[in-house]
A.B. asks: 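If you scroll down you'll find the structure; I have some questions about it.
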Amino acid sequence: MLDITFIRENLELVKAGAKKKHIEVDLDRLMSVDEKRRALLVEIETMRAKQNEVSDMVVKASPEEKEKAIGEMRVLKETLQGKEKEMEEVMHEWQLLMVAVPNIPDLSVPDGDSDADNKEVKVWGGKPQFAFTPKSHVELMQDLEMADFERGTKVAGFRGYFLKGDGALLSFAIWRYAQDFFLKKDFTPMIVPSLVKRVAFLGSGYLPQGEDDLYKTQDGDFLAGTAEVATMGYYMNEVLPKEKLPMKFLSFSPCFRREAGAHGKDVKGLIRVHEFFKWEQVIVCEGTHEESVKWHEWVNRNTEEFIESLEIPYHTVLNCGGDLGLGQVKKYDIELWVPGENTYREISSASYFHDFQTRRLNIRYRDENGKMQYSHSLNSTAIPTPRILVSLIENYQQEDGSILIPKALQQYMGKEKIEKAKA
RNA sequence: GGAGGAGUGGCAGAGUGGUCGAACGCGCCGGUUUCGAAAACCGGUAUACCGCAAGGUAUCGUGGGUUCGAAUCCCACCUCCUCCGCCA
């Protein structure tokens, strides 16, 4: 959410931002509704002031005066109730418009419609040269009994999967390695709820848009697609001590995504599943652009370093305007090389929001002058499983169908290679 | 799931229809005093919105309602506590 005063004073800037993001929102309508809102507010508050004034007087008044005043107030009350009703309708529309206003993308964000227009800003690692035709992770994992997709769909439905044997162990190894790796960087680890109340989704910007992408319970709660939702909700409606900023969380949670708009896409394997696990970096920092930028670069670099330590080739892209979410100011995606598809696939997404989320969630701190300020927030994937297995397994495959374990993971896996059990 | 109790400012806690944004205390900030400190004393100490300002409005878990007027009465919901049941 943006500040209404800011929108009013920077209307053209906000309009240009929405256009760059390819997000439709009727800002002129918002301006006229807001004007109505403020006019009504003045009317209502004036009436209430009168009401309060008379109310004070009634106590001390003589019986006749009292009678007269109360009579007058009955009339005023009726008018007031009419105005309040009107205000309610205006506020309803105002709020719908307000939550639809996108945050303004950074100047460095390239123009573009979709992820196809994202700009490559970094390439790392040599792509493996195979003297044989590389297999897909699906084939490799099935051959090594690391995953079972048929039974996955039998039990869990479309996009269902089981990880078993070394597939399960490899997931645990990655979680534990990621834990050790990232906690060296001074994060507070958390295991956070996935079953979360509506208000946290509204606050983090996943609702009211995007309800189709979420699983919903019969109690009106939703299953989160990322630990970001609960982690951001953690401090909602709180005033944080300035000296504790920045807060750095490494949050673990199961993640659930309906993938409502992606029916035909990535139907095979572990790229796109309804249910997965993720370590997520979440930062709440002081409310300046410089802080946001600094931590944004930092969290993104953390994930790059992690991938480098696993020695998997990747590139980093700067997302274009059309590929930014409602609240995001700027976003980097890290994409790992997937030999079986001969392309890069997204593994991480790092974005900052300025005070877009914290304004909705009401997360503040007191600055050095004792003034209340909204914090800034940002987040980035640390590592998702099982998606990381796709590129890990495909890049490390050997001609005999075995898979080498990256050096950094060997101590967590207890071996250097995954291969077929000897008969 | 059943029975009962409770939610007030940073904390603690009064207030059961009107002068209550809210007593008293603690804490915190500033001052007096002091060589310095403690104690004592004096003053201050929520947030948001509207407004150039003066000022106004709202907020006592949340949302409705009753009333000229609600922290206070009524209804619903949420959260917490105690007891019983169930359970990893």
A.B. asks: Return the value, rounded to whole Å, for the distance between atom CG of Asp355(A) and atom P of A48(B).
C.D. replies: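 Distance check: Asp355(A) CG to A48(B) P gives 13 Å.
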
A.B. asks: U47(B), OP1 or OP2 - any side-chain N/O from Arg366(A) closer than 4.0 Å?
C.D. replies: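 Checking Arg366(A) against U47(B): at least one side-chain N or O falls below 4.0 Å of OP1 or OP2.
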
A.B. asks: Under a 3.5 Å cut-off for both contacts, is A3(B) paired Watson-Crick or G-U wobble with anything, and if yes, with which nucleotide?
C.D. replies: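 Matched A3(B) with U82(B) under the 3.5 Å cut-off.
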
A.B. asks: Compute the centroid of each ring, for Phe182(A) and then for Phe306(A), and state whether the two points are separated by less than 6.0 Å.
C.D. replies: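 For Phe182(A) and Phe306(A), the ring centres are under 6.0 Å apart.
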
A.B. asks: When the distance from NZ of Lys371(A) to P of U47(B) is rounded to whole Å, what number comes out?
C.D. replies: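 It is 11 Å, rounded to the nearest whole Å.
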
A.B. asks: Could you tell me how far A37(B) sits from U45(B) if I compare only their P atoms? Round to whole Å.
C.D. replies: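 Straight-line distance between the two P atoms is 25 Å.
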
A.B. asks: When the P atoms of U67(B) and G85(B) are considered, how many whole Å apart are they?
C.D. replies: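 It works out to 47 Å between them.
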
A.B. asks: Please confirm whether the shortest side-chain N or O distance from Arg38(A) to OP1 or OP2 of G51(B) is below 4.0 Å.
C.D. replies: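 Answer yes for this pair, as a side-chain N or O of Arg38(A) is under 4.0 Å from OP1 or OP2.
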
A.B. asks: How about His296(A) and Tyr332(A): are their ring centres within less than 6.0 Å of each other?
C.D. replies: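 Yes, the ring of His296(A) comes within the 6.0 Å limit of the ring of Tyr332(A), centre to centre.
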
A.B. asks: Kindly list each side-chain donor-acceptor pair under 3.5 angstrom involving residues 189-198 of chain A, sequence neighbours excluded, with atom names and distances?
C.D. replies:
from: Ser194(A); atom 1: OG; to: Pro254(A); atom 2: O; distance (Å): 2.7
from: Arg198(A); atom 1: NH2; to: Glu211(A); atom 2: OE1; distance (Å): 3.4

A.B. asks: If you check the Val59(A) side chain, which of C50(B), G18(B), U47(B) turns out closest?
C.D. replies: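 Closest nucleotide to the Val59(A) side chain: G18(B).
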
A.B. asks: Does the side chain of Arg8(A) get closer than 4.0 angstrom to OP1 or OP2 of C50(B) through an N or O atom?
C.D. replies: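 It does, given that an N or O in the side chain of Arg8(A) lies less than 4.0 Å from OP1 or OP2 of C50(B).
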
A.B. asks: When you compare G7(B) with A14(B), how far apart are their P atoms, in angstrom units rounded to a whole number?
C.D. replies: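 Looking at atom P only, G7(B) and A14(B) are 9 Å apart.
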
A.B. asks: Any strand counts, and the cut-off is 3.5 Å on both contacts for Watson-Crick or G-U wobble. Which nucleotide pairs with U32(B)?
C.D. replies: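 Across any shown strand, U32(B) pairs with A40(B).
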
A.B. asks: If you measure from the P atom in A58(B) to the same atom in G65(B), how many Å do you get, rounded?
C.D. replies: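 Comparing P positions in A58(B) and G65(B) gives a spacing of 16 Å.
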
A.B. asks: In whole Å, measure the gap between the P atoms of A71(B) and U59(B) for me.
C.D. replies: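 My reading of the P atoms in A71(B) and U59(B) gives 7 Å.
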
A.B. asks: In this structure, is the centre-to-centre distance between the rings of His376(A) and Tyr374(A) below 6.0 Å?
C.D. replies: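 No - the distance between ring centres of Tyr374(A) and His376(A) does not fall below the 6.0 Å cut-off.
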
A.B. asks: Any strand is fair game: report the nucleotide pairing with C24(B) by Watson-Crick or G-U wobble, both distances under 3.5 Å, or none.
C.D. replies: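 When the pairing criteria are applied, nothing turns out to pair with C24(B), so the answer is none.
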
A.B. asks: Given C68(B), C49(B), G56(B), identify the nucleotide with an atom nearest to the side chain of Ala49(A).
C.D. replies: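 Nearest listed nucleotide: G56(B).
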
A.B. asks: When both hydrogen-bonding distances must be under 3.5 Å and the geometry is Watson-Crick or G-U wobble, what is A14(B) paired with, if anything?
C.D. replies: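 Check on A14(B): unpaired, no WC or wobble geometry under 3.5 Å.
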
A.B. asks: Within the structure shown, what part of the strands sits under 4.0 Å from Met372(A) by heavy-atom distance: base, sugar-phosphate, or nothing?
C.D. replies: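 The answer is sugar-phosphate, as Met372(A) gets under 4.0 Å only of primed atoms, P, OP1 or OP2.
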
A.B. asks: Before accepting this row, confirm whether a basic side-chain N of the pair Glu275(A)/Arg258(A) lies closer than 4.0 Å to the acidic partner's carboxylate O.
C.D. replies: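 Looking at Arg258(A) together with Glu275(A), the answer is no, because their closest N to O distance does not fall below 4.0 Å.
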
A.B. asks: Over how many whole Å does the gap from Leu240(A) atom CG to U47(B) atom P extend?
C.D. replies: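 In whole Å, U47(B) P and Leu240(A) CG are 15 Å from each other.
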
A.B. asks: Find which nucleotide of RNA chain B each of Val42(A) and Thr46(A) is nearest to by heavy atoms, and output the residue with the more 5' nucleotide.
C.D. replies: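 In this pair, the answer is Val42(A).
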
A.B. asks: Considering only G69(B), U19(B), A48(B), which nucleotide approaches the side chain of Lys77(A) most closely?
C.D. replies: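 Nearest nucleotide to the side chain: G69(B).
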
A.B. asks: Nearest whole angstrom, please: distance from the P of C78(B) to the CG of Asp219(A).
C.D. replies: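 So the CG-P distance, Asp219(A) to C78(B), works out to 10 Å.
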
A.B. asks: Can a side chain N or O of Asn52(A) be found less than 4.0 Å away from OP1 or OP2 on U57(B)?
C.D. replies: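 So the side-chain polar atoms of Asn52(A) do come within 4.0 Å of the phosphate oxygens OP1 or OP2 of U57(B), strictly under.
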
A.B. asks: For a quick test of reading the model: is some side-chain N or O of Arg48(A) closer than 4.0 Å to OP1 or OP2 of G69(B)?
C.D. replies: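 The answer is no; no side-chain N or O of Arg48(A) sits under 4.0 Å from OP1 or OP2.
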
A.B. asks: Could you check how far CZ of Arg198(A) sits from C1' of G63(B), rounded to whole Å?
C.D. replies: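 Taking atom C1' of G63(B) as the reference, CZ of Arg198(A) is at 16 Å.
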
A.B. asks: For Asn362(A) and U47(B), what is the distance between atoms CG and C1' respectively, to the nearest whole Å?
C.D. replies: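 In whole Å, U47(B) C1' and Asn362(A) CG are 9 Å from each other.
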
A.B. asks: How far does the C1' atom of G27(B) sit from the matching atom of G61(B), given to the nearest Å?
C.D. replies: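 One C1' to the other, the span is 24 Å.
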
A.B. asks: Do Asp34(A) and Arg8(A) sit within salt-bridge range, that is, some charged N less than 4.0 Å from a carboxylate O?
C.D. replies: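 Looking at Asp34(A) and Arg8(A), the cut-off is met.
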
A.B. asks: For the side chain of Glu45(A), counting heavy atoms from C-beta on, which of G18(B), C68(B), C49(B) is nearest?
C.D. replies: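 For Glu45(A), the side-chain atoms sit closest to C49(B).
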
A.B. asks: Assess the pair Trp175(A) and Phe252(A): is the distance between their ring centroids shorter than 6.0 Å?
C.D. replies: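 Yes.
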
A.B. asks: Specify the residue among Ile4(A) and Lys197(A) whose closest nucleotide of RNA chain B lies further upstream toward the 5′ end.
C.D. replies: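 The residue whose closest nucleotide sits nearer the 5' end is Ile4(A).
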
A.B. asks: Starting at CD of Gln81(A) and ending at P of G69(B), how long is that distance when rounded to a whole Å?
C.D. replies: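 Between P of G69(B) and CD of Gln81(A): 8 Å.
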
A.B. asks: Mind checking the C1' distance from A54(B) to A70(B)? Whole angstroms is fine.
C.D. replies: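 Result for the C1' pair: 29 Å, nearest Å.
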
A.B. asks: Would you say Tyr206(A) and Asp213(A) are linked by a side-chain donor-acceptor pair, where the criterion is simply a distance under 3.5 Å?
C.D. replies: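 No donor-acceptor contact under 3.5 Å links the two side chains.
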
A.B. asks: Nearest whole angstrom, please: distance from the P of C49(B) to the CD of Gln95(A).
C.D. replies: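 Atom CD in Gln95(A) sits about 14 Å away from atom P in C49(B).
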
A.B. asks: With a 4.0 Å cutoff (strictly under), does any side-chain N or O of Arg74(A) reach OP1 or OP2 of G69(B)?
C.D. replies: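 False: Arg74(A) side-chain N/O out of range (4.0 Å or more) of G69(B) OP1/OP2.
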
A.B. asks: Would you measure the distance from the C1' atom in G10(B) across to the matching atom in C83(B) and give it in whole Å?
C.D. replies: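 It comes out at 33 Å once rounded to the nearest Å.
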
A.B. asks: Of the options G18(B), C68(B), C49(B), whose atoms approach the side-chain atoms of Arg37(A) most closely?
C.D. replies: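 Among the listed nucleotides, the one closest to the side chain of Arg37(A) is C49(B).
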
A.B. asks: Under a 3.5 Å cut-off for both distances, is U66(B) Watson-Crick or wobble paired, and to whom?
C.D. replies: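 In the structure as shown, U66(B) has no Watson-Crick or wobble partner.
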
A.B. asks: Does U47(B) pair with anything, Watson-Crick or G-U wobble, both distances under 3.5 Å, and if so, with which nucleotide?
C.D. replies: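 Base-paired to A58(B).
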
